[in-house]
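A note on names: the letters A, B, ... follow the listed sequences, proteins ahead of strands, and every chain is numbered from 1.
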2 protein chains.
Amino acid sequence: MIEYRAIRVALLGAGSVGSQVARLLLEHGDELAKRIGAPIELVGIAVRDLDAKRDADLPRELFTTDAHSLIVGADIVIELMGGIEPAREYVLQAINSGADVVTGNKALLASHGAELFAAAEQVGAQLSYEAAVAGAIPIIRPLRESLAGDRVERILGIVNGTTNFILDRMDSTGASLEDALATATELGYAEADPTADIGGYDAAQKAAILASLAFHTTVSADAVHREGITGVTAEQVESARRAGYVVKLLAICERLADPETGAEGVSARVYPALVPRSHPLAAVRGANNAVFVEAAAAGPLMFYGAGAGGVQTASAVLGDLVAIARRHVIGGPGTSESTHADLPLLPIGRITTRYSVTLEVTDEPGVLETVAHVFADHGVSVEQLQQTVEASTGRATLVIGTHEAAEAALASTVASLAESPVVASVASVLRIEGAE
Amino acid sequence: MIEYRAIRVALLGAGSVGSQVARLLLEHGDELAKRIGAPIELVGIAVRDLDAKRDADLPRELFTTDAHSLIVGADIVIELMGGIEPAREYVLQAINSGADVVTGNKALLASHGAELFAAAEQVGAQLSYEAAVAGAIPIIRPLRESLAGDRVERILGIVNGTTNFILDRMDSTGASLEDALATATELGYAEADPTADIGGYDAAQKAAILASLAFHTTVSADAVHREGITGVTAEQVESARRAGYVVKLLAICERLADPETGAEGVSARVYPALVPRSHPLAAVRGANNAVFVEAAAAGPLMFYGAGAGGVQTASAVLGDLVAIARRHVIGGPGTSESTHADLPLLPIGRITTRYSVTLEVTDEPGVLETVAHVFADHGVSVEQLQQTVEASTGRATLVIGTHEAAEAALASTVASLAESPVVASVASVLRIEGAE
């Protein structure tokens with residue numbers, strides 16, 4: 001097998017996302033190398049202050065304040081500093097020194113995206129930014145590539161976790177905005193100065209990025225119509241609830257005809273809106289994010305998941321990194337469909353899950369005990385049991401829900417139950433999936 | 001600007017997906033060329049029988065029965081014939097003659113995927129198959145690329161629209177499996193011979209593809225544990241409903257430790273299971289599909305949309321096609337972030353949406369008429385109106401829901417309402433989004 005030289009990665013920024021990216025790169029280096037077909041070498045982490053408190057697991061010698069030197073020697077630069085400068089300068093330096101770039105910097109893209117994309121295109125560099133919108137949720141790549149042959153008509157996005165947490169809490173508890181914000185702050189979902197979130201500024205940056213990509217048009221954040229949630233009252237939320245709606249802060253990107261000229265145009269806007277309870281977006285709870293996309297051919301699609309969080313967002317950064325790194329080793333042994341892991345496929349008897357077993361039994365004393373004994377005998381733990389007696393027949397129905405149990409143990413339990421004199425029949429056995 | 005030569009595309013198969021792909025390629029050729037940076041030329045459509053009934057909009061001269069000759073001259077081959085042979089032979093021929101391949105053939109991939117991927121890797125060809133799983137929903141690309149730096153722990157997929165339609169109907173109407181299947185057949189959701197769907201064979205093929213990709217391990221469809229929905233009874237569905245569950249046919253791909261050896265293994269299985277009503281998958285109605293993915297860093301993610309349909313699935317095929325074609329013109333003018341469309345950003349006043357307006361009014365005769373008149377005067381059509389009177393104060397609250405109206409018209413309506421003598425105050429104005 002050909003040995004490929006290591007791909008040199010420079011990381012700029014060691015905040016909550018950056019330090020998770022560094023940790024995952026160091027911990028899962030071997031696995032990532034197999035997927036890529038070449039090793040990844042984290043050559044350094046640029047920070048502003050060497051003495052700041054750091055994740056103790058990250059080797060001190062990786063840290064430097066000299067971002068420029070780090071960038072010069074890198075194949076791929078990951079920019080997770082946030083803010084406009086010096087992030088913009090560093091990204092441009094990286095592009096012009098021949099590196100590809102991964103960034104999660106929404107403020108930078110929403111204000112200087114056009115400049116950066118033009119610079120990257122000029123030299124044939126790749127610039128990826130999945131982490132900039134909706135955290136861990138793959139939305140940039142689907143819009144960029146999966147829907148590249150389709151025509152996006154509209155995007156409705158819940159792209160700010162803080163405001164969704166607040167509005168969800170107002171909806172579920174009747175709290176005022178002030179109280180819900182206090183809870184969000186207490187639980188770490190809102191920052192000390194929540195203006196960027198509750199004022200809709202963060203959502204407007206994401207709307208600008210989504211609209212630019214979906215409509216092949218430059219849209220900057222300050223051109224996005226923006227209304228935050230500061231005016232939303234408990235009365236509005238309650239009135240919406242009674243009418244079958246839920247209030248959500250939406251980032252809306254829409255292709256539409258200008259009513260005055262008839263010419264095609266786009267709208268990008270952020271405001272709190274009423275969403276019907278039956279809409280998939282209405283079910284997005286807590287600090288989660290979701291992006292609902294309507295495309296001409298594909299129809300409605302929804303992408304749902306965690307919109308923030310260090311490790312979650314790091315997943316999006318690493319996805320971009322691996323995709324770019326693979327292009328550095330085209331023709332190499334690592335590909336998406338490689339079967340390097342070659343794990344054994346386990347038969348159904350070796351899985352564990354939860355079960356719901358329905359039995360028809362005779363209604364007489366001791367039946368419950370006998371049935372419970374059969375489950376216990378095979379090491380299957382019962383979580384709940386519901387008995388319904390039909391007086392006319394003297395027959396009872398037992399519905400037993402189990403804790404996690406081995407499929408093989410459940411199968412032998414069911415076989416024993418079928419032979420038990422107190423069991424008339426095993427009416428139903430179904431597995432339970434997706435339960436907490 | 002450099003002129004790039006046309007990218008030659010051969011299409012194999014002209015069924016419901018194939019004919020939509022051809023139509024979209026012909027209708028939207030100019031727009032696709034801008035996105036790619038080079039024109040796309042559909043050089044021909046290979047079919048078995050030239051005399052079969054065809055989409056009348058497709059030029060007859062494109063059709064041929066000579067797939068081999070078509071493949072030889074193509075840069076990209078789109079295989080949408082279905083079945084194993086001759087699809088397998090054609091895909092291998094395409095790869096070995098230097099073409100890249102897009103396929104939607106789940107049966108082929110689930111049985112011969114390893115062979116085809118190895119052949120593609122050998123010569124550096126691309127082989128894309130977004131359309132093979134869950135129709136229009138981008139799931140292959142997110143697993144291949146977005147989550148390439150993460151570790152997928154589990155996938156729970158509703159990947160067969162026919163069975164989801166049937167189970168959803170049993171759940172919502174109490175119908176028997178037989179009756180729900182009859183409805184599905186009548187509405188075109190089930191084929192005359194529904195075995196592949198209700199027997200779980202189709203879902204097992206998709207489970208094999210998802211497990212192979214997610215776990216970097218070869219899993220073939222016949223190794224997937226498979227239970228169809230033929231044993232699901234109305235009683236089970238009703239009993240599940242009472243217990244807070246819904247029955248769904250799930251394709252489950254899971255990484256787990258072998259209980260006997262402790263070694264890491266994978267499970268791929270298909271069976272009807274109870275899913276808690278609160279789980280995002282429980283809300284997947286009708287013939288829709290959704291794939292729920294749990295990854296170590298990203299946490300839970302869900303991808304939702306249409307799982308079948310000619311034009312929907314064609315969207316996935318074209319996404320693959322554009323992504324591959326772009327690589328043929330790297331450095332060319334077309335990139336994902338190109339702003340070739342350059343559409344004008346319309347101000348908020350030019351959008352149309354629906355509105356909910358809450359007014360505090362005096363409770364006296366003629367108020368409703370006056371308020372209705374103001375709306376009509378500004379061309380805003382009222383869809384519903386709810387009046388609540390508080391006897392003690394003589395004040396009434398009106399909640400007015402509008403049909404689609406222009407933002408500017410609504411703004412002037414609200415301004416007039418605020419000045420009306422019968423209106424004490426405009427308590428709330430919220431837009432309604434996502435309503436039918």
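Note that the CG atom of B:D150 and the CD atom of A:E31 stand 11.0 Å from one another [nearest 0.5 Å]. The structure places OG1 of A:T218 at 10.5 Å from CG of B:L343, a figure rounded to the nearest 0.5 Å. Taken from CD1 in A:I139 to CG in B:L301, the straight-line distance is 11.5 Å, to the nearest 0.5 Å. The CG atom of A:D342 lies 6.0 Å from the OG1 atom of B:T217; values are rounded to the nearest 0.5 Å.
Minimum interatomic distance between A:S146 and B:P138 (heavy atoms only, all atoms of both residues): OG-CB, 3.5 Å. Considering all non-hydrogen atoms of both residues, B:A268 and A:L345 come closest at N-CD1, 3.8 Å.
Taking 4.5 Å as the limit, some side-chain heavy atom of A:R35 sits within range of a side-chain heavy atom of B:H216. Using a 4.5 Å cut-off on side-chain heavy atoms (C-beta onward), B:E227 and A:R431 make contact. Proximity of A:S267 to B:R350: side-chain heavy atoms (C-beta onward) are nowhere separated by under 4.5 Å. The shortest side-chain heavy-atom distance between A:Y271 and B:I348 falls under the 4.5 Å cut-off.
Between B:R269 and A:E433 there is a salt bridge, with a side-chain nitrogen of the basic residue lying less than 4.0 Å from a carboxylate oxygen of the acidic one. In this structure, A:E145 does not pair ionically with B:R144, as no charged nitrogen and carboxylate oxygen lie closer than 4.0 Å.
No part of A:L25 comes within reach of chain B, as not one of its non-hydrogen atoms sits under 4.5 angstrom from that chain. At a 4.5 Å heavy-atom cutoff, the contact between A:P280 and chain B is made by side-chain atoms alone. Both the backbone and the side chain of A:V275 come within less than 4.5 Å of a heavy atom of chain B. For A:R285, no part lies near chain B; criterion is any non-hydrogen pair under 4.5 Å. At a 4.5 Å heavy-atom cutoff, the contact between A:L147 and chain B is made by backbone and side-chain atoms alike. Proximity to chain B is absent for every atom of A:T397, based on heavy atoms less than 4.5 angstrom apart. Looking at A:A223, the atoms closer than 4.5 Å to chain B (heavy atoms on both sides) sit in the backbone and in the side chain alike.
By the ring pair (Phe, Tyr, Trp, His ring centres under 6.0 Å) test, A:Y304 pairs with no residue at all, sequence neighbours left out. Looking at residues two or more places apart in sequence or on another chain, you find a side-chain contact (heavy atoms from CB on, under 4.5 Å) between B:E235 and B:T233.
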